[in-house]
Amino acid sequence: MSGLRPTLKILRCYSALELHNPFTHRRPEDLLRTWARMSSTMKNWDPAEFKPRKAVVLTKVSRYEFEKLQHEKLTERQLEEELTKRGSDYTMIRYHHNIHKTLEQDVVKTLESKGIETKVVKRVQYNDDVVKWADIVVTTGGDGTFLMGASKILNRYKPIVGINTDPTRSEGHLCLPKHYSFNIKEAIDSILSGKFRWFFRRRLRVTLIGDKEKIDQTPVELHDQQLQYPEYRYMDLMTEAGDHPFKEPGSNAHSVQSSKILPVLALNEIYIGESLSSRVSYLELQIDRDPVFKSRNSGLCISTGTGSTSWTFNINKLTHHAVEALLKIAFETTRFPINWKDQKLVEAVTQKFNNQLVFDPEAEVMCFTLRDPISVGTFPNAEESRPRGKAKRIAVKSKCFDACLVIDGSLSFRFNDGTKAIVDILEEDSLRTFQLYAF
């Protein structure tokens, strides 16, 4: 690459970044010089090089806004009476709406004061064109809004940051620490001055293999089945056409086996199992290159490090009561001097076990858990396959009747007998986020 003069081949290599991304507002010669300093893993992008010019602010639909949409013809007084009649606190709904809108406006004003062109959108306006336009995606809401923002980012190049706009009621694990909810300017200044490190949250890629008609069916948006306001909805963001998910395909003796990479990456976890929770799930699994084994269970949960503090944690965690009972059994069995009534000991063991369930969101590994695995005999034995562990690749084949594969608790794909899923965790699918230096 003599003289660092851009060739057509080189420019094509960076076409995905379109040469106008926030790292590259310079001449092509400067662009190539910058890229020459960067490693192929993209982790060495210098934060000081990040100078965004355009930001899309994805904001949640507050409970108040949702109720207003649901009751368009009601006056404010009538809406208050309707909510009160249902047992909801109208005053608190308005109060938390106002907090959210105030912080949202603070984010927008701060970005604009820094010379950044800003576009505020809600979920129905959040699409591929908006993401492509922006140099950075900023979410104002909670973890649900962050997940929705991340769902349209399918590579590791577009950065996203979440601002928790209801810090008194929501932890917002995926967002910046609560400190920044009350110090928006400090957060934006830290990003624009490069006082952060890139934090790459690993995500799960799912490839479905099976009958083409089955794997091409349109997924179900689970939040459509729930009576709650839709902060996090995938179906409004999907563009693929297909039949209704409950419409059975016509019989075809010459069905074509096909494969399809799902258009959404899982940031938290994937659940695979029968749709009806009381029905036993029957799955065939291969963990990495281990031998294939079959399992009857209540479903399979596969999580990233990001999701290790969520559903999979609650499936596997030990309570103080359980630990106390185990210590008592250990004492009665071994007569080893264990004071199983010592609450400090119980607390220490409980905390150590539960802490080991959580792992680094940047780790290139996933955690799997078979819920309630059914043993061949009445009680489990040491020869049975492990119900929990870590892997880099998992293959699952369905032997189920009416099963689903659910992405981040929201988007459900049909996963019935014969369909196979390959779950990978790849560096190229990482989500680029920010970890600000300690305040």
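For the numbers below, each heavy atom of this structure counts, side chains included, while hydrogens, waters and symmetry mates do not.
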ask   = Given K158 and K152, is the side-chain contact (heavy atoms from CB on, under 4.5 Å) satisfied, shown in steps?
value = CA-CA 10 Å; K158 185 80 64 176; K152 296 300 290 182; over 6 Å; no

inquiry  = The test is side-chain contact (heavy atoms from CB on, under 4.5 Å); show your working for L431 and R156 and say whether it passes.
reply    = CA-CA 5 Å; L431 183 68; R156 61 188 173 190; over 6 Å; no

task = Carefully, step by step, assess C400 and S281 under the rule side-chain contact (heavy atoms from CB on, under 4.5 Å).
result = CA-CA 6 Å; C400 299; S281 300; 4.2 Å; yes

request  = Could you walk me through whether S295 and L285 pass the side-chain contact (heavy atoms from CB on, under 4.5 Å) test, one step at a time?
outcome  = CA-CA 8 Å; S295 172; L285 300 97; 4.2 Å; yes

inquiry  = Test side chain to side chain donor-acceptor pair (under 3.5 Å) on D408 and S410; report intermediate values, then the result.
reply    = CA-CA 5 Å; D408 283 336; S410 180; over 6 Å; no

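Summarising the geometry of N164 relative to C175, their closest heavy-atom pair is N-CB, 3.9 Å, with the distance given to 0.1 Å. When all heavy atoms of K60 and G141 are compared, the closest pair comes out as CD-CA, 3.9 Å. Scanning both residues, L208 and A421, for their nearest heavy atoms gives CD2-CB, 4.0 Å. The two residues F415 and L405 make their nearest non-hydrogen contact at CB-N, 4.0 Å. Contact record, V346 with H320: CG1-O, 3.6 Å, taken as the closest heavy-atom pair.
Salt bridge annotation for E67-R63: present, with a cationic side-chain nitrogen under 4.0 angstrom from a carboxylate oxygen.
A donor-acceptor distance shorter than 3.5 angstrom exists from the side chain of S430 to the backbone of E427, with no hydrogens or angles considered. For D290 (side chain) and Q286 (main-chain N/O), no donor-acceptor pair under 3.5 Å exists by modelled atom type. Counting only distance, with no hydrogens or angles, the side chain of T304 and the backbone of L267 share a donor-acceptor pair below 3.5 Å. Between the side chain of K54 and the backbone N or O of K119, no donor-acceptor pair lies under 3.5 Å. Without hydrogens or angle criteria, T139 side chain to T145 main chain gives no donor-acceptor distance under 3.5 Å. Side-chain atoms of T140 never come within 3.5 Å of backbone atoms of E104 as a donor-acceptor pair (strictly under, hydrogens ignored). In this structure, the side chain of S310 does not engage the main chain of G307 through any donor-acceptor pair within 3.5 Å. Checked by atom type and distance alone, the side chain of Q125 pairs as donor or acceptor with a backbone atom of K122 at under 3.5 Å. Checked by atom type and distance alone, the side chain of T118 never pairs as donor or acceptor with a backbone atom of A55 at under 3.5 Å. Although no hydrogens or angles enter the test, the distance criterion places a donor-acceptor pair under 3.5 Å between the side chain of D143 and the main chain of H173.
Between S298 and the options I374, L370, D372, I315, a side-chain contact (heavy atoms from CB on, under 4.5 Å) holds for only D372. When F200, F199, Y180, W198 are each tested for a ring pair (Phe, Tyr, Trp, His ring centres under 6.0 Å) with F434, only one passes: W198. For the salt bridge (charged side-chain N to carboxylate O under 4.0 Å, His left out) with E362, the qualifying choice from R432, R197, R202 is R197, the only one to do so. A side-chain contact (heavy atoms from CB on, under 4.5 Å) with I116 holds for exactly one of L192, V138, D135; it is L192.
When only modelled atom types and interatomic distance are considered, N316 and T369 share a side-chain donor-acceptor pair under 3.5 Å.
Within the 4.5 Å cutoff, the side chain of N354 has heavy atoms near those of the F313 side chain.
A cation-pi arrangement is not found for K317 relative to F353, the charged atom failing to lie both closer than 6.0 Å to the ring centre and inside a 45° cone about the ring normal.
Sorted by first and then second residue, the pairs that involve residues 261-277 and meet salt bridge (charged side-chain N to carboxylate O under 4.0 Å, His left out), not counting sequence neighbours, are E274-R279.
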